[in-house]
Structures are given as C-alpha cells and as structure tokens.
Amino acid sequence: MTSHTDPAGLVSLPEGHQRASLPRVQTGLSDRAIAWLFIGPTMALLLAINLFPLLWTIFLSFTNYRANRPNAPLWNVGFDHYVAILTDPDIWLRMQATAHFVFWTIALQTVIGFGLAYLVDRKFRGHGFWTTLILVPMMLSPAVVGNFWTFLYQPQIGLFNYVVGFFGGIAPGSFQMLGDVTLSPWAIIIVDTWMWTPYVMLICLAGLRSIPDYIYEAAEVDRASNIRQFVSITLPMCMPFIMLAILFRGIENFKMFDMVNLLTAGGPGSTTELASITLKRAAFEAWRTGYSSAFAIILFVAVFGLANIYVKTLNKVKAR
Amino acid sequence: MKKRFTLAMGIAASALLGAAPASAQGKSITLCWAAWDPANALVELSKDFTAKTGIAMKFEFVPWPNFADRMLNELNSKGKLCDLMIGDSQWIGGSAENKHYVKLNDFFAKEGIKIGDFLPTTVDAYSTWPKGTQNYYALPAMGDAMGWTYRKDWFGRADLQAEFRKKHGRDLAPPKTWTELQEVAQFFQGRDIDGKKVFGVAIPTERGSEGITMGATSALYAHGFRYENPTRPYQMQGFVNSLDAIAGLEAYKALFKCCTPPGYTNGYMQEGLDAFKSGQVAMQMNWFAFFPGLFKDPAVGGDRIGFFVNPSQKTEGSTLGGQGISVVSYSANQAEALAYIKWFADAEVQKKWWSLGGYSCHKSVLNDPNFPNTAPFAADFLKAMGNVKDFWQEPSYAQLLQATQRRLHDYVVADKGTAKEALDSLVQDWTKVFKEDGKN
C-alpha cells in the first residue's frame, strides 16, 4: 500500500484518500482577542493599583485636600505645595540626611558584599554553611532588626558598645550610638549594611559564577597575575551585576522607613529623619494630604529620574 | 375556651418577654482604646454590663505608640470597627468638627445623665468642643495626669538620709520644686546601691509620637508656661516663649543631661516603667494610670514605692492625660453603645471602676472623704487633677504636636540651639499652622 503526505507534511494519508476541503470554522475569537482576554485582567489590575493612584496623587498634590477633613471645601492651590517643599530648608536637610544614608550604605554594602562574594566563590571547607550564615540577616524582618539593634546599641548592656569598648579601650557607657547627633547617622548605616550586604553578596556571587573558567585558563596561559586577572576579567565582567545591586539598594534605601523609624524615630532631634519619615508624618499624622502628595511626587520623580539615568549607564556597561 | 385563651396569651407574653433579652444577647459592640493597664480593668468592669444587658463586649486595644495612627485612620476612613472610642483628649476638636463622634447633649438630657456629676476640669478636657462650651462629645472616662514615683526604700536609708542632709541641709524626701527635683536626682546619679549603679530619673524623651512634649510640659507648666494670651486667643508671642517658659525648658534639659541613664534618648511610658522596675532609677515621671500596677509590682511595689505630684516651681501644674468615651458616628450599633455610656455614667459603676484600677472622674468617687485613703497615690492624683493643663485640642493638634516634638527634641536631646531659640521657633511653627487654619 502506498501513501502520500498531506500538503502540510504532517500526516500520511492512504492512497486514494484526499483530505476533504473543510469549510473554515469560525471560533468567534481571534488569537489577538484571546491574548487580550488573558492579559486584560492583569492589565486592569495594574492600572487600578498603579496608574490610578499615581494620577490621583498628582491631582491631590495641586489641592488643599486633607484626608481628616473630608467635608472641608476643596480648592486648587496650583504649584504652592511644590514651591513650599522645594524652598523649605528643613526639607533640604531631610534630603541631605537621606543622601548621606543612601550613599554610605551603598558604598559599604557594595565593597563588603563584593568582598564576601569573592571569598564565598572560592571552594573551602564549610563553604555552604558560611554562605547560609551570611544570608541570615537579610531574611529577618526590618522590625525585628530595628528592635534588636536598639538593644545592641544600649550603652549599658548593649553588645555593640561592649565590643567597641573592649577593643577601643573606652567605657561602653561613655558613648551612645542612637542618642548622639554625630553617631546616630552612622548607627543606622551600620544596621542597614549588616542587614543588606548579603543581598549584594548574592547578586555579585551570581556575577562571579557567570564568568566562564576558560577565560581564567587563557589568562593563566598568558601568565597574567592574580591582580591582573581580577582587574581585567573579574571586575569588568561582574560590573553589570554590581551595578544592578547598586540600583536595587539605591531605590530601596531612598525610601527607607521602617528600620530607621524603629531605631531612632528620626532623632535625636531631626538628625536621622529621612525623607520618607517626613513624608509619613505629613501624610498620616498631620494629614496634610495635598502637601504630602506633592512631596511624594517630588521623591518619585527624583528616584525615577536617577534610576533611568542609571539604567542607561548600566546598558552601556553591559554592551561593552 | 377562656382557659385556652389564657394559656395562649401566657405563651405569647412569655415569648415576648423572652424576646427582649434574646435580641440583646445576639448583639455585641466593640470598644476601642489603647493597650495598657486600665484597659484590662475596663475588660473586667464591662463584664457587669454584659451581665446586665446581654450585650457582649469586644475590645480593640492598640499599643500607645500606634494608637493615634491606627484609630485616627479608622475615624478618618469612617470605619465601622469601633462602636465606642476612648480617644485621646487632643482628638476631641477634630473628631467633633469632622463629625466622627456623636454629640451627646440630647442623649444626656433624655437619660438624665448629669455631666455636672463629673469633675469640671475633666469635662472641659475630655468632653467639650469648643473647649469649655456645653457641646458634649464624650463622657469623662479615665482621668490621668503626669505624676512621679520614687524608690521609698532608697529614700528611707539612714546613710543616704545623713549624706543628703549634710549636703543640702534638708531631709531626703520627695521633691517639692523642680530645683529640689534636680538636686535629688543628681544625688542618686551614678550612685552604687546594693552593688548596682543607679541613676536619678527616667523622664519622657521619646521623639516619634508625643513623649518629650508630655514630659517637658510638666516642667514648663510648673514654671508658668502659657499657650496663649488669655485675652487674645492664638496670640502666643511672649507667652509660649516667655522667660518663665525658657526657664522651664532649661530645667527639663538640665534634668535630662545630669540625671538620666546613659542612652535614655528615646524613652516614654514603657521605657520609664522598665527603668524603674529594673531598679535602674530612683525616680520616674509617668502617667498615674500606671501607678496601681506599679504598686502591685513584686520587685518595686508595696513599701518600696512612693508617689508624688509634679513638683511646682513658680506655680503648680501637671500635664493632663486621660480620655473621654465617645460613640462613633459610623457605628451600626449606636443604641447599644449609648446604653454602655448610660451604664458607665452610673455612680456605682464609677466606684467599681476606681476599685479595679481605672481613674474615675465622677465626683461621688473623688469627693468621697475617704478617697485619699483608698490608694497610696489617690491624694496625689486629686491634687494633680486640680491643676492640670492640656496641650492644644485643635483639629490641627497633630501638626502642632509634631512641631513641638521636633523643637523640644532638637534642643533637649540633640543640643541644637538655646531654649529661647527652640521656643521662638515653636511660636513660628504654631503661628503658621493656625494661619493655615484661618485662626490667626
């Protein structure tokens, strides 16, 4: 028995059997329509929880609205809130405190995180155990971290003060990390670095492990020293990962609230009052909804703008 | 036939009679308050209400640091969680103007509840808006003021008495003035007692909510601080930043600097209790509400603890705490909530409230000749309630409070500027807020 293949070449039909030409069945929905049907609910949800609040916040930022006075007359204040915020020296002090916190946490976390990743990347006894142990801080809740570091910083019974006192030869009770104007900005940087360095380490580790071994083998054949290998291979090839970690941590720390609020509540005075704490106080304690909406938009534009510039730079680095 | 009719009527009557408690028994109301010792006493007291009316009680207690945030959010969003709210005295202005609380005048008149049965200062502070008018939005529920506890056992030591007398020429006793307070605190600071280093005082220094304001105003009031010109409302220049006020703020900072435990830069109620209960400090400033619990404390209570009213300096003055109980406008169970208020206003219930650890504001309790003997802190409580002063109760109180927290913490804890600069800045901040509200 002979057979021949159907035009599509998929099914062998017996001799003499011709595929009947079937009329095109109308299913009612095109592929595009089905695609929209599937992504529609997600798109609607995203619009509802992202776009609508953003547009609403922009609208509120031009009004005198206060959430605790819903019956008060609403009027357009134009750019008054924006002008008031951008010309307020106290707000600029809060932005400076935020910039100090973001800069130093990123710098320390990047250096220490990459260093740890470089060490963990080497094979050694107990390698898995140490990696897991290093990751523990980032698995904790910021509320827990804030509370127990408050105890660690306690001048009389705190372990931190004891250790510094022991190695520094000073009395543990002679300095206060959280109550001192000079030390408190560093106290919150230390805690954030302790908590989030493992995160940076993980991203850098992924970068290190993505470098193929043959590149190092070729470098060894060329008798490149370890330092040369590090500078010419490891660091450049890891750079996109490092930059990604910096981007993530920068965005996160720009809106840092919970941990700092627990540690210092912005004190002493207003020394550690980051922009997000000021925003929360204006929005949900003073109920200046219009004003705080304008402040939120300013912060959003700042983060969004900086992140965009950064992503473009990141893409250039990756393209190299 | 007549017998059958009588039987039918009897069944119907019993069904009707039974229906009333049955419908009440299905009901429950929720009371919202802060999570602290008096709230536990109220749970106990409210069992009598449930037994009497069949209305079950539910409670929503929120820790103090989050109380205002949580509950004001609830009110502003017109939430139905709370039928009854024991809200802070500062909320009364905003809650009245924004209609979060039910106005109680008609209800009081209909039910024969006499607001005059309650201490006038508590009625003004907890119930009325505008302050001092006859518009009632709450029934005084829990009287409270800032007071002091001290280690009576330490003060009673013969060696310490002798040393103190030699140094200051008087007995080591609860201080009567802020000058004496600092001397006593300084005397204990860093002293070794029973092999342990102790400190002078635990005073509120908290930054986030209201702590340092409640503490520092205790010093400010005693030195003659006033919020505004008594003849011209909202005129604060020369009153808030008067020489007396400056002296008061300097006294508070001096006490903080000389005599608190190391690192005590963000402490309020719980931190104060911890410092006192752990034997870390000789004296503690805290709310009277905590004193029944402290007196019962096995480690520092009983004979080891003493109490005193806020020391005077130029005048007498204590920072007011406490709350009134209100019916929430958005409640679906307003009838039952009002029934609770009616029950709570009863003199016998108020007596039991005091006996359980709640601070009644009812005159029948407070004016009882035996009241000062009912607890070791009762006489001081009466004295404090006689000279209390309260923070602003304006609808914008939160903004006014934020500015105060910042200016006081900047000066007292962060060593920024002088007392005069702090109070001058405060006048500017408050003026700006009132101007925005159209009140200046």
Side-chain angles (χ1 to χ4, degrees), chain A residues 64 66-73 77 80 84 88 90 93-94 150-158 160-161 171-184 187 260-273 277-278 280-291, chain B residues 65 68-70 72-73 75-78 91 94-95 97-100 190 197 199 205-212 256 260-268 271 278 280 395-403 405-417 422 425 429 432-433 436-437:
Chain A
N64 66 327
R66 284 170 181 256
N68 66 337
R69 297 181 199 175
N71 304 323
V77 297
D80 284 4
D88 185 347
D90 287 336
L93 286 175
R94 304 292 90 81
T150 306
F151 285 110
L152 290 177
Y153 281 142
Q154 223 287 329
Q156 295 172 82
I157 55 167
F160 183 89
N161 279 42
S174 64
F175 66 100
Q176 306 168 23
M177 289 300 291
L178 298 177
D180 187 278
V181 178
T182 313
L183 295 177
S184 57
V260 175
N261 196 47
L262 274 163
L263 280 167
T264 63
S270 305
T271 314
T272 58
E273 191 175 317
I277 295 180
T278 309
K280 184 260 180 182
R281 285 180 176 158
F284 301 112
E285 290 177 20
W287 297 101
R288 303 176 70 193
T289 315
Y291 174 90
Chain B
D69 276 8
R70 172 74 183 86
L72 290 177
N73 239 325
L75 292 175
N76 290 330
S77 60
K78 302 185 179 178
W91 305 358
S95 297
E97 290 196 6
N98 296 310
K99 298 184 171 57
H100 296 324
K197 191 177 181 182
F199 304 93
T205 55
E206 184 249 15
R207 171 70 177 88
S209 59
E210 58 168 29
I212 197 162
F256 166 73
T260 51
Y264 201 83
T265 53
N266 196 21
Y268 193 22
E271 290 76 11
S278 62
Q280 208 183 3
S396 294
Y397 97 92
Q399 266 177 277
L400 301 165
L401 183 63
Q402 275 186 1
Q405 284 286 107
R406 183 192 156 194
R407 298 300 178 190
L408 297 182
H409 215 268
D410 267 345
Y411 169 65
V412 175
V413 179
D415 282 331
K416 204 173 163 186
S425 303
D429 294 341
K432 195 176 160 193
V433 174
E436 278 176 14
D437 285 356

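By convention in this document, chain letters (A, B, ...) are assigned in the order of the sequence lines, proteins followed by strands, and residues within each chain are numbered from 1.
- The candidate from B:Pro262, B:Ser209, B:Pro395 with the greatest count of non-hydrogen atom pairs under 4.5 Å with chain A is B:Pro262.
- Using a 4.5 Å cut-off between heavy atoms, B:Ser396 contacts chain A through both its backbone and its side chain.
- Atom-to-atom distance recorded for B:Asn98:CG and A:Asn68:CG is 6.0 Å, nearest 0.5 angstrom.
- Under 4.0 Å is where a charged nitrogen must lie from a carboxylate oxygen, and between A:Arg69 and B:Glu97 no such pair does.
- For B:Asn73, the parts sitting under 4.5 Å from any heavy atom of chain A are the backbone and the side chain alike.
- Using a 4.0 Å cut-off between charged nitrogen and carboxylate oxygen, A:Lys280 and B:Asp69 count as a salt-bridge pair.
- Looking at B:Gln280, the atoms closer than 4.5 Å to chain A (heavy atoms on both sides) all sit in the side chain, from C-beta outward.
- Here the straight-line distance linking atom OG of A:Ser270 with atom CD of B:Gln405 works out to 10.5 Å at 0.5 Å rounding.
- At a threshold of 4.5 Å between non-hydrogen side-chain atoms, the residues A:Gln176 and B:Thr265 count as touching.
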Pair B:Phe199, A:Gln156 - check side chain to side chain contact (heavy atoms under 4.5 Å, CB included), show working.
CA-CA 12 Å; B:Phe199 304 93; A:Gln156 295 172 82; 3.1 Å; yes
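- The part of B:Glu436 that comes within reach of chain A is its side chain, from C-beta onward, which places non-hydrogen atoms under 4.5 angstrom from that chain.
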Please report the C-alpha distance between B:Arg207 and A:Glu273 in whole Å, then the side-chain angles of each, then the deciding distance to 0.1 Å, and finally whether the side chain to side chain contact (heavy atoms under 4.5 Å, CB included) criterion is met.
CA-CA 11 Å; B:Arg207 171 70 177 88; A:Glu273 191 175 317; 2.9 Å; yes
